[in-house]
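Comments concern the structure below.
What you see below is based on every heavy atom in this structure, not just the backbone, and it leaves out hydrogens, waters and symmetry mates. Residue numbers start from 1 in every chain, and the chains themselves are labelled A, B, ... in the order their sequence lines are given, proteins ahead of strands.
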Number of protein chains: 2
Amino acid sequence: MVTALADRLAARGWRITPQRRAVLSALEGEHVHLSADQVHAAARGVVPEVSLATVYNTLNELIAMGEISEIRLADGTTRYDPKTGPDHHHLVCGGCGLTFDVAPRGVGGLSLPQGQRHGMAVETVEVVFRGRCPNCSRRD
Amino acid sequence: MVTALADRLAARGWRITPQRRAVLSALEGEHVHLSADQVHAAARGVVPEVSLATVYNTLNELIAMGEISEIRLADGTTRYDPKTGPDHHHLVCGGCGLTFDVAPRGVGGLSLPQGQRHGMAVETVEVVFRGRCPNCSRRD
DNA sequence: GTATATGCAAAGCATTTGCATTAAA
DNA sequence: TTTAATGCAAATGCTTTGCATATAC
């Protein structure tokens with residue numbers, strides 16, 4: 001899988017380095033959304049000398065290329081999300097930031113009336129459900 | 001209006017200081033969502049010696065009390081939102097961060113099937129529409 | 001009078017950047 | 001060979017904190 005994505009990126013002019021491959025594998029290996037630090041830790045498992053700076057650079061390039069997306073949590077940190085696409089929704093724990101992808105019902109019925117668009121062209125809609133995960137509920 | 005809110009907070013044990021009153025007036029006087037710096041600037045118009053630290057402290061207390069809410073933008077900065085309530089949605093410009101409150105149609109129909117809740121108790125739903133404001137579109 | 005809020009300046013964090021070095025193509 | 005990617009460390013920007021002083025109650 002990493003290979004397929006790497007090839008796709010190479011076709012777009014990317015130089016494939018061990019570091020980038022490590023970052024890609026970190027993103028594909030996990031199911032939850034990862035912080036930059038977590039991506040760094042995972043990438044180090046493959047290529048011990050990857051620097052955090054390279055991880056950030058790579059993540060930002062992937063975002064710019066539309067291959068991953070970022071979610072800003074309420075605590076100010078960022079999570080990076082391997083999946084991509086126009087309609088992509090989340091369930092976030094307000095306690096620990098744990099984040100899941102979800103496919104809610106009724107999204108298709110959402111719309112913003114012209115009168116409320118303030119002259120803006122609406123490009124995407126994101127729905128965020130917030131709550132507390134079992135772990136954090138227990139700690140309340 | 002500031003008085004009413006101030007009274008409400010006083011009833012909850014808040015000490016009403018000129019600085020806090022200034023922060024409250026800054027939040028109520030504007031229609032758009034403000035950054036901490038913008039709140040600071042506005043508050044200074046009333047009480048010139050308010051410090052940024054006090055503005056942050058006050059904003060965080062207001063958040064904890066549920067009187068305002070915060071929105072983290074894609075660029076990592078935070079906007080503070082005077083209005084409050086369970087169903088509170090936004091329209092955000094991806095170019096400059098300009099943010100509006102909106103009341104979309106179809107929100108009532110949104111739901112997260114049990115199977116996708118990962119054991120979490122869902123407390124709130126937020127819908128974010130993203131696009132580009134007329135100014136930023138012009139710059140593309 | 002007493003507990004709390006303030007301002008200042010310093011500390012913290014996550015993220016970005018400059019630059020010399022290294023390596024992919 | 002040439003251009004781009006890397007690592008390091010320093011810089012950045014927003015936000016928080018410690019502490020002595022001032023002030024609301």
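- Among the protein residues, B:Ser35 comes within range of no part of the nucleic acid, since none of its heavy atoms lies under 4.0 Å from any strand.
- Defined by atom type and a distance below 3.5 Å, a donor-acceptor pair is present between the side-chain atoms of B:Ser111 and A:Arg105.
- Atom P of nucleotide D:dT6 and atom CZ of A:Arg21 are separated by 12 Å, given to the nearest angstrom.
- The interatomic distance linking B:Tyr56 (OH) with D:dC14 (C1') rounds to 5 Å, in whole Å.
- For the pairing with A:Leu24, the side-chain contact (heavy atoms from CB on, under 4.5 Å) check across A:Leu9, A:Val39, A:Ile68, A:Ile16 returns one residue only, A:Leu9.
- Using modelled atom types and a 3.5 Å distance limit, the side chains of B:Ser25 and B:Glu28 yield no donor-acceptor pair.
- Distance CG (B:Asn57) to P (D:dT23): 18 Å, rounded to an integer number of Å.
- Between the P atom of D:dA24 and the CZ atom of B:Arg20 lies a distance of 12 Å, rounded to the nearest Å.
- B:Leu52 places its CG atom 11 Å from the C1' atom of D:dT16, with the value rounded to the nearest Å.
- Salt bridge absent: B:Glu49 and B:Arg44 never bring a charged side-chain N and a carboxylate O closer than 4.0 Å.
- At least one side-chain nitrogen or oxygen of B:Thr78 sits closer than 4.0 Å to the OP1 or OP2 atom of D:dT15.
- Considering only heavy atoms from C-beta on, A:Val128 stays 4.5 Å or farther from B:Val125 through its side chain.
- An end-to-end axis angle of 40° holds for the helix from C:dG1-D:dC25 to C:dA25-D:dT1, taken from five base pairs per end and rounded to 10°.
- Comparing A:Ser51 and B:Trp14, the nucleotide of DNA chain D nearest to each residue sits closer to the 5' end for A:Ser51.
- Between A:Val50 and B:Thr77, it is A:Val50 whose nearest contact on DNA chain D lies nearer the 5' terminus.
- Set against D:dA24, D:dT3, C:dG7, the side chain of A:Arg15 has D:dT3 as its closest nucleotide.
- Straight-line distance from the CG atom of A:Leu59 to the P atom of C:dT17: 14 Å, rounded to whole Å.
- Mapping B:Gly13 and B:Arg44 onto DNA chain C via the closest heavy atom, the residue that lands nearer the 5' end is B:Gly13.
- What separates CD1 of B:Ile63 from C1' of D:dT16 is a distance of 13 Å, to the nearest Å.
- We find that NE2 of B:His40 is positioned 14 Å from P of D:dC14, with the value rounded to whole Å.
- Taking 4.5 Å as the limit, some side-chain heavy atom of A:Glu123 sits within range of a side-chain heavy atom of B:Arg132.
- Residue A:Thr17 places no side-chain N or O under 4.0 Å from the OP1 or OP2 atom of C:dA24.
- A salt bridge does not link B:Arg12 with B:Glu61: every distance from a Lys NZ or Arg NE/NH1/NH2 to an Asp or Glu carboxylate oxygen is 4.0 Å or more.
- For A:Ala53, taking side-chain heavy atoms from C-beta onward, the closest of the listed nucleotides C:dT15, D:dA9, C:dG7 is D:dA9.
- In this structure, B:His118 and A:Pro134 approach most closely via the heavy-atom pair O-CD, 4.0 Å.
- Within the structure, every side-chain polar atom (N or O) of A:Gln19 is placed at least 4.0 Å from both OP1 and OP2 of D:dA5.
- Among the protein residues, B:Asn60 comes within range of the sugar-phosphate backbone only, with heavy atoms under 4.0 Å from sugar or phosphate atoms but none that close to a base.
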